[in-house]
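Everything numeric in this text was worked out from a predicted model, so none of it was measured.
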Amino acid sequence: MRGQGGILLCSLLLVVPHCTEVAAQDDEPDPKMPCAKWMGGAPGYPGHNGLPGRDGKDGKDGLKGEKGDAGAAGPTGVPGAVGPPGMTGRPGAPGLTGMKGEKGDAAFVHRSAFSVGLTERPPAPNIPIRFSKIFYNEQGHYDASTGKFLCNVPGTYYFAYHLTVYLADVKVSLYKKGKAVIFTYDQFQNNNVDQASGSVLLHLSSGDEVWLQVYGNGNNNGIYADNVNDSTFMGFLLYPDMDGY
């Protein structure tokens, strides 16, 4: 059996190329048909899609395009934090000297002062001592006819007196508005010339009066003055009350 089968297979293989050659001579075979038109098989299935090819190389850059129109402005951003102060710059050059201004009004200065001496002796007791020798009374606030100082500028005043004592004891008082403020007493020593003095700060209102007066009814009026001995009385304004000006 094996020998006959082999002989048959060989015969078929020899016949097939011969048939193909004969068919080629008779007419051109249909590419979709088998060579002998009786041995054609069923059409095959479509093959699977092949894998995607690799990306090609990048192309060359094209020419630069024309400048486009400006876009609309965006919204304003939030202001940033204030930075630290910078370093102080160098001083600038001095400016030009300005024109001289007009002369202003002089400030009003309050003045009140007097300095007087005794010419009459002995003074009478219990009345103002009249110092009629005028050393200074520019404002006229001291009245030599009455022996009284009249306050015209309210404020704080300084008053002082220096009295020569001779022939009798001296007891004097400085009065303000009819009331004794301070007292000075000196007991006379025979064949001697003494000095009695006093001073005080007083606040005066406009219209207040100040004077010296021998105090008491006794023999206490030994205030003395001559060509070489003086008894003096003085006073002046230290500073005015600014509330009234």
Is [Y] reachable from [X] through a run of I, L, V, M, F, W or Y residues, each pair having side-chain heavy atoms under 4.5 Å apart?
X	Y	result
Met234	Leu204	no
Leu212	Leu202	yes
Val193	Val165	yes
Val181	Tyr157	yes
Tyr158	Tyr239	yes

Do we see a donor-acceptor contact under 3.5 Å between the side chains of [X] and [Y]?
X	Y	answer
Asn192	Asn190	no
His141	Ser112	yes
Tyr136	Glu138	yes

Where [X] and [Y] come nearest, the two heavy atoms and their spacing:
X	Y	answer
His110	Val153	CB-CG1, 3.9 Å
Phe183	Ser173	CD2-OG, 2.6 Å
Gly198	Thr184	CA-OG1, 4.2 Å
Pro128	Gln213	N-OE1, 3.7 Å
Asn229	Asp226	N-OD1, 2.7 Å
Lys176	His203	NZ-O, 2.8 Å

Measuring only between side-chain heavy atoms, which start at C-beta, is [X] closer than 4.5 Å to [Y]?
X	Y	result
Phe233	Leu163	no
Thr156	Leu237	no
Val116	Thr232	no
Lys171	Val214	no
Val210	Tyr175	no
Asp169	Tyr185	yes
Thr164	Ile223	no

Flag, side chain of [X] to backbone of [Y], donor-acceptor distance under 3.5 Å:
X	Y	result
Asp208	Lys177	no
Asn152	Leu150	yes
Asn220	Val170	no
Ser231	Tyr224	yes
Gln139	Ala113	yes

With rounding to the nearest 0.5 angstrom, report the [atom1] to [atom2] distance, [X] to [Y].
X	Y	atom1	atom2	value
Ile182	Ser199	CD1	OG	6.5 Å
Phe188	Asp194	CZ	CG	7.0 Å
Lys57	Arg54	NZ	CZ	10.0 Å
Ser205	Asp241	OG	CG	7.0 Å
Thr119	Phe131	OG1	CZ	10.0 Å
Asp143	Phe149	CG	CZ	11.5 Å

Verify the ring-centre separation between Phe114 and Phe236: is it less than 6.0 angstrom?
no
Remaining members of hydrophobic cluster (4.5 Å side-chain criterion), Leu51:
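Other cluster members: none.
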Checking side chain to side chain contact (heavy atoms under 4.5 Å, CB included) for the pair Tyr142/Trp211: CA distance, chi angles, key distance, verdict?
CA-CA 9 Å; Tyr142 173 79; Trp211 68 89; over 6 Å; no
If you look only at pairs with a residue in residues 124-135, which of them pass as a salt bridge (Lys or Arg N to Asp or Glu O under 4.0 Å), with sequence neighbours excluded?
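Sorted result for residues 124-135: Glu120-Arg130, Lys133-Asp230.
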Go through it in stages, so that I can follow the logic: the residues are Leu174 and Phe159, the test is side chain to side chain contact (heavy atoms under 4.5 Å, CB included), and I'd like the CA-CA distance, side-chain angles, deciding distance and then a yes or no.
CA-CA 9 Å; Leu174 185 140; Phe159 295 95; 3.9 Å; yes
